[in-house]
Amino acid sequence: MDTPPPLQGHTLAGYLATQAKADASLRALVLALAATCGEISALVARGALGDVLGSAGAENVQGEVQKKLDVISNDMLVACAEQSGQVAAVGSEELEDVIVFPGGDRGRHLLLFDPLDGSSNIDVNVSIGTIFSVLPAPTGRAATAQDFLQGGRSQQAAGYTLYGPQTVLVLTLGEGVAGFTLDPRDGAWTLTHPDLRIPRDTREFAINMSNQRHWAAPVRRYIDDALAGRTGPRGKDFNMRWVAAMVADVHRILSRGGVFLYPWDQREPDRPGKLRLMYEANPLGWVVEQAGGAASDGRQPILDIAPTSLHQRVSVVLGSAEEVERVVAHHHEAAA
Ligand code: AHG
Ligand code: MN
Ligand code: MN
């Protein structure tokens with residue numbers, strides 16, 4: 001039997017042509033998104049020279065102060081979605097309500113995004129990213145806000161771009177995870193990581209330790225055990241990393257394993273977590289599952305959650321499967 005030609009080195013368009021699950025409309029949308037993320041990357045790289053740093057002087061629906069780059073990248077992605085002709089409506093972290101495009105009933109998809117993830121890193125020149133999630137649009141009628149409330153397993157495409165030392169695009173269409181690197185000289189995306197797989201076990205965790213005193217008992221138990229190191233219950237030493245941009249923490253986990261937690265905490269007991277289900281946890285949860293890892297809210301897989309609102313928050317544990325399973329087991333034991 002002939003071995004298939006290696007995909008490594010393919011252009012993004014060449015890779016998409018090999019993906020049986022992506023029809024022409026989805027391929028066109030992913031290419032349009034990648035082109036816009038390449039433009040965002042160029043703006044990020046110009047920094048102060050491009051007058052893109054600092055605050056935009058407004059708050060978003062989450063009550064967070066918007067940075068200029070939050071607003072600019074949001075506007076670029078909205079325009080990209082509309083001009084692509086493939087999108088019926090968009091939802092964004094930076095928009096209170098969805099935007100339904102005029103004539104958008106011809107668009108086959110709904111697009112959700114976190115245009116700039118890790119906003120607190122922008123002005124200090126640390127990694128940031130863009131997260132996107134593509135869902136099917138209703139056919140034969142205009143889309144509504146209600147149409148966006150589909151579980152994570154309905155996603156048709158999801159991924160992120162990371163604006164770090166290199167700009168990379170990490171994409172799943174439901175058959176594994178591929179990574180592409182942007183050449184800033186010509187804006188081309190080349191397949192450099194054909195099959196990203198998360199190692200099952202690890203010695204590295206990512207959590208904002210400054211919130212430790214506010215966590216629930218199962219999370220405290222998991223981190224206490226890790227911190228106890230070689231002579232503790234885990235029998236090994238752990239390392240800690242926290243970039244404060246989920247995209248960057250997830251990318252590290254895809255590259256060398258690890259677990260990421262942003263759990264519920266008791267300061268705001270009615271808020272399930274900080275991160276948003278529809279445009280942060282679902283797309284990154286699907287990428288992680290497709291790379292052989294796991295993503296949970298501590299009790300159930302993130303992708304099994306039935307969404308109730310566009311900006312809904314969720315507790316997140318994702319990464320190497322054995323670590324996520326351990327955190328989930330602690331939650332189940334505490335509830336028993
Ligand atoms: P955003 O910039 O889109 O609001 O997301 C930031 C999120 C996430 O990317 C990151 O893991 C977390 O907030 C950082 O939170 P802390 O500031 O509590 O570390
Ligand atoms: Mn974010
Ligand atoms: Mn954001």
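One-based numbering, in listed order, for ligands and for the atoms of each. On a predicted model such as this, the values are computed, not experimentally measured, just so you know.
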Are the side chain of [X] and the backbone N or O of [Y] linked by a donor-acceptor pair below 3.5 Å?
| X | Y | value |
| --- | --- | --- |
| Asp117 | Met246 | yes |
| Asp249 | Val243 | yes |
| His330 | Val219 | no |

Which label fits Phe205 and Phe238: parallel for a plane angle under 30°, tilted from 30 to 60°, or perpendicular past 60°? tilted
Could you name the protein residues that come within less than 4.0 Å of ligand 1, counting only heavy atoms, and order them by chain and residue number? Glu64, Glu93, Asp114, Leu116, Asp117, Gly118, Ser119, Asn208, Trp242, Ala244, Ala245, Met246, Phe260, Tyr262, Lys274, Leu275, Arg276, Glu280
Scan Arg108, His109, Gln156 and name whichever one has a side chain to side chain donor-acceptor pair (under 3.5 Å) with Ser25. His109
Quick test of your reading: applying side-chain hydrogen bond (donor to acceptor under 3.5 Å, both in side chains), list the pairs with at least one residue in residues 227-236, sequence neighbours left out, ordered by first then second residue. Arg234-Glu323
Taken by chain and residue number, the protein N/O/S atoms under 2.8 Å from the Mn ion (ligand 2) read Asp114 OD2, Asp117 OD1, Glu280 OE2
Please test Glu93 against Gln62 for side chain to side chain donor-acceptor pair (under 3.5 Å), starting from the C-alpha separation and ending with a verdict. CA-CA 8 Å; Glu93 177 188 340; Gln62 341 266 342; 4.9 Å; no
Less than 4.0 Å between a side-chain N and a carboxylate O, is that true for Glu325 and Arg200? yes
Can you name the residues that form a ring pair (Phe, Tyr, Trp, His ring centres under 6.0 Å) with Tyr262, not counting sequence neighbours? Trp242
